[in-house]
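All heavy atoms count here, side chains included; hydrogens, waters and symmetry mates do not. Below, chain A is the first sequence line, B the second, and so on; all start at residue 1.
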There are 6 protein chains.
Amino acid sequence: MQNTFSSAERAEVLTQALPYIRKYNGKVVVIKYGGNAMINEQLKLQVMEDIVLLWLIGVRVVLVHGGGPEISGMMDRLGMKPEFVDGLRVTDGETVDIVQMVLAGKINKTLVNLLEKKGGQAIGISGMDGRLIEAKIKDERLGFVGEITEIHIQPVLDLLEKGYIPVISTLGCDEEGNTYNINGDTAAARIAGALGAERMILLTDIAGILRDRNDPSTLIPAITPEDAENLSKEGIISGGMIPKVECCLEAIRSGVGNVVIMDGRVPHAILTELLTDEGAGTMIVGTGEQHGH
Amino acid sequence: MQNTFSSAERAEVLTQALPYIRKYNGKVVVIKYGGNAMINEQLKLQVMEDIVLLWLIGVRVVLVHGGGPEISGMMDRLGMKPEFVDGLRVTDGETVDIVQMVLAGKINKTLVNLLEKKGGQAIGISGMDGRLIEAKIKDERLGFVGEITEIHIQPVLDLLEKGYIPVISTLGCDEEGNTYNINGDTAAARIAGALGAERMILLTDIAGILRDRNDPSTLIPAITPEDAENLSKEGIISGGMIPKVECCLEAIRSGVGNVVIMDGRVPHAILTELLTDEGAGTMIVGTGEQHGH
Amino acid sequence: MQNTFSSAERAEVLTQALPYIRKYNGKVVVIKYGGNAMINEQLKLQVMEDIVLLWLIGVRVVLVHGGGPEISGMMDRLGMKPEFVDGLRVTDGETVDIVQMVLAGKINKTLVNLLEKKGGQAIGISGMDGRLIEAKIKDERLGFVGEITEIHIQPVLDLLEKGYIPVISTLGCDEEGNTYNINGDTAAARIAGALGAERMILLTDIAGILRDRNDPSTLIPAITPEDAENLSKEGIISGGMIPKVECCLEAIRSGVGNVVIMDGRVPHAILTELLTDEGAGTMIVGTGEQHGH
Amino acid sequence: MQNTFSSAERAEVLTQALPYIRKYNGKVVVIKYGGNAMINEQLKLQVMEDIVLLWLIGVRVVLVHGGGPEISGMMDRLGMKPEFVDGLRVTDGETVDIVQMVLAGKINKTLVNLLEKKGGQAIGISGMDGRLIEAKIKDERLGFVGEITEIHIQPVLDLLEKGYIPVISTLGCDEEGNTYNINGDTAAARIAGALGAERMILLTDIAGILRDRNDPSTLIPAITPEDAENLSKEGIISGGMIPKVECCLEAIRSGVGNVVIMDGRVPHAILTELLTDEGAGTMIVGTGEQHGH
Amino acid sequence: MQNTFSSAERAEVLTQALPYIRKYNGKVVVIKYGGNAMINEQLKLQVMEDIVLLWLIGVRVVLVHGGGPEISGMMDRLGMKPEFVDGLRVTDGETVDIVQMVLAGKINKTLVNLLEKKGGQAIGISGMDGRLIEAKIKDERLGFVGEITEIHIQPVLDLLEKGYIPVISTLGCDEEGNTYNINGDTAAARIAGALGAERMILLTDIAGILRDRNDPSTLIPAITPEDAENLSKEGIISGGMIPKVECCLEAIRSGVGNVVIMDGRVPHAILTELLTDEGAGTMIVGTGEQHGH
Amino acid sequence: MQNTFSSAERAEVLTQALPYIRKYNGKVVVIKYGGNAMINEQLKLQVMEDIVLLWLIGVRVVLVHGGGPEISGMMDRLGMKPEFVDGLRVTDGETVDIVQMVLAGKINKTLVNLLEKKGGQAIGISGMDGRLIEAKIKDERLGFVGEITEIHIQPVLDLLEKGYIPVISTLGCDEEGNTYNINGDTAAARIAGALGAERMILLTDIAGILRDRNDPSTLIPAITPEDAENLSKEGIISGGMIPKVECCLEAIRSGVGNVVIMDGRVPHAILTELLTDEGAGTMIVGTGEQHGH
């Protein structure tokens, strides 16, 4: 497809993006990236490209990442078997060590490296740096699965002020020096709330909220928090979507403008959502302005 | 043509602009806009759109404007006859009053208004504000046609620091309180030099330097200052192009990276030049990096 | 009169100004200058001299100007006939163009030039620059006569912070890119209010509020807002003084300390008012301290 | 004399001071005040008034003071006899204690108090505060008479930056914790040099350099450093004037613009010198602009 | 005792101080030093050493001093007899002159000199500098004994911001230019309150509040404001301790964290109190955290 | 040993540290920590305690770490065999992944966690964050063993300015997005040079440079760069000490004051070196002041 646009066409596309660029200039956008959406290397590079573009046009992007599949992969290689209780990974001392290594060592630095390669300036931290995410044990049975007790947002503000793209591994810490595995969506929502972000984007591997989960054409483009409640009662929001939507509502309650759940595997989905009048995925509408929906 | 791009295509165009956006981020670009290129209202709006886009993606744009045709029009309406000596307008006391009114009152504020309408933040000043352009009489026969004696660049720096697009009318002042009509290309070159601009763009009504002035296909895309000298000797640079090229060389001698002479009547010529790998017009190559040529 | 003071006398005068200098140091004073008070060149120079003196001793002066007589003069020269409805000039598209040229081009830049000549540092802007004055049509019959819908005071604050004397032409703008003719007294009052000015001075061509308009000795030196209401009922405030006083009251309601209506044709009236224990004109007393009255 | 000026006259005097105010705005002026010029309470108040006026109009004034007569007075009361060697006071340990008390305790704080009373903001320090004046013994026979080894100008810069009038007692310190009596003129010259002052003024009890010391009409209004040398050879600069002139030359060598020796007992001599076109006393002309001479 | 510690022991002591250093880092601590605790030169040096250490480890120390014994000594030497009414020194005009000289000249500058000698950066001011302490006559019979009417804390904040240790003589001023003798404990309490200090330390010549004033072993380590009231009723707080405790309560009411009354004659009592888990003297417990008690 | 010091002894130790605290206040100290010195958990905690103490007393500490043993351990667990060529680990793509995980994920975050636990504020980054360490392949046979091509020190300066302790994993990056394993001592030396550090400390598992490597009593306390050359020729500096000393010399050549090689297993060796008059290990003396040697 490359190189088939005339320069007039290019200019037209750029100027049509003008109102959106103006809208997000100087605003904070938190992007949660993780799970299966992060596996394809080509897609990952495109997501990083989109983030660098946003950063260059003046959006203050914060990237929060998870890394379930890679953690499982490493445990596999080490002959450790992940256990799950109620869908949450049991995290004993040895496991949390692996989680820390994979998230803060492998994934975080690889994302930083890709952002830098694409021309961004990024610094990767974890919830332990500057005590960003303080946590405690959520459920004794789950080991070092953490419940967030406090967000110290200052390190993220410091990095934004200095012009970097903060890349955050969702690990937690406590005063004893323990490390916790923190749910990535929850952490992103709390961080977005603490930053008063204009928008939070959850990049997942589903298209958004579907009326019929087998039919992509039933995507619901936008809902209010009230709608969300009704859709839950009706069973349309169900399964793994329930905690995701709960995070979105939490973010909106703490002041985030809008939240969008979208498919991170669609090429340049972030740019489409933010810089064109088409939308992508499902938006939970808070106090922020909508567009593309 | 509008609306015929898919969002994937849009995203692709945007990401292909990434390296250029990165390159100009935070750099100063001085755009000289005037003459017949400024007459068409539709084109004027597109030029302003381009400038706002550059400003939003972090380019520090300075717009310098002239306004010959509108000055002549107003003098006409007032029954005043412009006189010219050696191709330079004779500017008596009454005429300089009209020049001041049309440049600083009509054109400057109209450009500011269009930039604001497109989402920019602009402040329009003249060479009298903050004594930006100090001048003296160039030739007694020409009256208040000014030769620049000093550029006080501080007001422009102050407006850039505060985040505005400075829009500059090329009037000069002196300690006696006189007003001078200043050649727009010269003023732009001196201002670009004082700012250490990355690039100066002269938007005119010709395509650039042509080997054969009747054949647009003979456009010379890029020349060095040495080439310019040779082309002048050969008579290829001739007529009204001579002082234009002289201004460009002056700008490059005072530290401007590159200068481009291009046709302001081509839609979105500025964006094409700065944000794609095609070029436009003729570039006089200084110490700055080239591209699109 | 010049040169007849001994240096001891000069020193005495200067030291007697000490408490007043102390009082206004760092304070914002908005001066509205316009109409017939602005015609005499000699007087105009003295007013500029006073303003530069205030600026040098640390007062943050903002100069708002009108220009009715010069606008009429230019329309005359162009063979256009001003129409008036209810004492307000009807402003069609062509007329507002002339208003813009004369105010922002001729008068604004001439005032800037005089201030600079006297040693000040001034930048002249209009209500279009930085969208300072947003307006809408006030009355369809009057054309582009604007009613202020919002004051964006940031550009004025930016210029003050950078140490300039802002000189403001009272033009308005809207999102469509229209230009409006704005009443100068009203604009000054709104700007003074937005700045929380210590004092607003209306330089007009009358001595102030007179009990008997034919007898200057009946000048009322100071009134409260309540007095103003009573004087209006009694018919002592009448004619063209009514909207002026209304502006003053509006300014006081929005937080301006005091407002003074005085005769701009009295030499150095501003200095007399601000730096001596004599007053000039009529003060409408708000929450600010009075003196010289 | 008070109250005999009309407001027009007052305004005229103020505006005639305009060019001088402009000239000294933001500049550093060091005033050395001491000796018999400081005895009369009425005069002292006028000098403080002049200083506050300069400070209010934007001059960055630094006041350096001595206090010979008061030191002698206190020693007298305590039954101590001052001894002199070569015209320099011998300063034993007990004496330097008295010097410290009188200079830093009595005179410094009284001057601060008067400046504050007149509306200034002053902070009084000594050469010990922030180690401003480091000194060593000059001559064993003289005891704690100090020779300046280094000026740490930072504390004075800090006070100026914070907007205060620094008032400085000329005491010195060393690393052992000793206190030294420092010649006031010398300290003022060194401090003025370290500040790159525009002007230093020595307020003394003589009119300046006189060709015939018994005839005030023989005052020499201005000399160059070369003239000073010749006048010394001719014996016209003699006695106590020799070290004073030496200090002035030292100040000019270290970058002070001009130095003026004048009679501090003439009312408002400082204002006359700085803000009118008359001069006062004798100016030693350095690289600074002269006026009033 | 010196040099008998191994480097391991030294390191251990330093690291045990860690939590206390962390606690006071960046906090304001006001130390009142005066009376008999200030007489011994060796002890005085140790107190200054402690203050410089605190300053170096990031505590923002403010030193407030009195000087009763030295004032009496100087009056003695001058043959003046101190008079007392109700335990307060009668201060006529001549006496207040002596107080000013001794406090601001002798003691203040000597303390500054010692702090500098130990490596600190100090600037000594009085309540007259920057009008820090405004006062009025407290009781006509006592002459210039001042009651504080207002604290202008800005000069102290300015010195702290610039990194100096402010050393304050407790003199007061008024708008007439009078000087007042101010009770040192009261001044310290008011200054600590205005600064929102973490802690105020009164260094006196008693061990603290004793149940039996003849038995040091009956020292009460910590009391609440309520306890203080009861102990006063019981007569355990009596005599000179009554106004001291009253000052402490005043400080706590105006927001100081804790106040400690301790014996300034115990070597390094300040360090023991602040940097170890032993306490010293009696703490009046406010909202601040306690330790060492 | 704990708790056996009297508070007088504690105070004495603290005040004896005064001159050293003064000396390092505000200075940059780079500490390289790695290898076997990092294995013992108790010792690691003490090293972190020392670093937090230095940070609290105003030293700007930068911690650079390696992690050889832990990398080997992880490779072992994964069944990978480290290969070495000329004493340098061969690092293929899979290995560099493990290096990245262990350094940036496990060790870096664990050190950050311990520093925070002890009261510090730390942010851990790698050579990829902000492109801190740019590298290229050093020797094709060694795979991703990097040779530093450039240090971009800005991210470290930004973290220091914001008050954090930067903790740095010595990974390198290039424009292709590759990761490199970088020698920790070399990276520390280059970073210390770029920071103009006052001192670099290499914490290793040997006592320093020994004349007889089997006899600790032959430790050489201090050498000049010239001495180092001679000792190399004599064979006294040999084996693994050769590259270490080369790093030290490189650091000194690029402006580091002094470098110390010391045994990180001695409790509180850092404090002993910096804050007492005993030294530890061997100092290579540059332009910085020495002490404790």
Side-chain angles (χ1 to χ4, degrees), chain D residues 41 45 48 70 74 77-80 94 97-132 134 152 154-155 157-159 161-167 169 171-179, chain E residues 45 48 67 70 74 77-80 94 97-132 134 152 154-155 157-159 161-167 169 171-179:
Chain D
E41 288 302 319
L45 205 59
M48 295 305 113
E70 300 214 32
M74 179 54 63
R77 284 187 59 189
L78 289 165
M80 294 162 68
E94 200 189 346
D97 258 25
I98 304 302
V99 171
Q100 179 182 324
M101 277 205 309
V102 173
L103 285 185
K106 184 152 196 314
I107 299 176
N108 188 282
K109 294 314 165 195
T110 299
L111 292 176
V112 164
N113 222 357
L114 291 175
L115 289 169
E116 299 270 357
K117 184 181 171 182
K118 284 294 168 187
Q121 288 188 298
I123 284 186
I125 61 174
S126 74
M128 284 176 284
D129 297 273
R131 307 199 80 70
L132 172 57
E134 283 209 349
H152 298 116
Q154 196 58 46
L157 292 174
D158 286 339
L159 294 178
E161 189 200 317
K162 287 294 180 185
Y164 297 99
I165 305 167
V167 180
S169 303
L171 298 163
C173 62
D174 66 14
E175 302 224 328
E176 310 297 300
N178 293 312
T179 303
Chain E
L45 205 59
M48 295 305 112
E70 299 214 33
M74 179 55 63
R77 284 187 59 191
L78 289 165
M80 294 161 67
E94 199 188 346
D97 258 24
I98 303 303
V99 170
Q100 179 181 325
M101 277 204 310
V102 172
L103 286 185
K106 184 152 197 312
I107 298 175
N108 188 282
K109 295 314 165 195
T110 299
L111 293 176
V112 164
N113 222 357
L114 291 175
L115 289 169
E116 299 271 358
K117 184 180 172 185
K118 285 294 170 187
Q121 287 188 298
I123 282 186
I125 61 173
S126 73
M128 285 177 284
D129 297 274
R131 306 200 81 69
L132 173 57
E134 282 209 349
H152 298 116
Q154 196 58 45
L157 292 173
D158 286 338
L159 295 178
E161 189 200 317
K162 288 292 180 187
Y164 297 99
I165 305 167
V167 180
S169 302
L171 297 162
C173 61
D174 66 13
E175 301 224 328
E176 311 296 300
N178 293 312
T179 304

Find out whether [X] and [Y] are in side-chain contact, i.e. whether some heavy atom of one side chain is under 4.5 Å from a heavy atom of the other.
X	Y	value
E/Met74	E/Lys106	no
E/Pro155	E/Asp129	no
E/Ile98	E/Met80	yes
E/Asp174	D/Asn113	no

Region of [X] in contact with chain D, defined by heavy-atom distances below 4.5 Å:
X	value
E/Val102	both
E/Asp158	both
E/Glu161	side chain
E/Leu114	neither
E/Leu103	neither
E/Ser169	neither

- Task: Could you tell me which portion of D/Glu175 (side chain, backbone, both or neither) has an atom closer than 4.5 angstrom to a non-hydrogen atom of chain E?
- Result: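 It is the backbone, since no side chain atom gets that close.
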
Using a cut-off of under 4.5 Å for heavy-atom pairs, which of [options] has the most such pairs with chain E?
options	value
D/Met128, D/Gln121, D/Lys117, D/Lys109	D/Lys109
D/Thr179, D/Leu115, D/Leu132, D/Thr110	D/Thr110
D/Gly79, D/Gly163, D/Ser126	D/Ser126

- What's the spacing between D/Leu171 CG and D/Met101 CE if we round to 0.5 Å?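 The distance works out to 12.0 Å.
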
- Are E/Leu159 and D/Leu159 close enough, and set up right, to give a side-chain contact (heavy atoms from CB on, under 4.5 Å), and what steps lead you there? CA-CA 8 Å; E/Leu159 295 178; D/Leu159 294 178; 4.2 Å; yes

- Item | Verdict with supporting geometry, E/Leu78 and D/Leu78, side-chain contact (heavy atoms from CB on, under 4.5 Å) | CA-CA 6 Å; E/Leu78 289 165; D/Leu78 289 165; 3.4 Å; yes

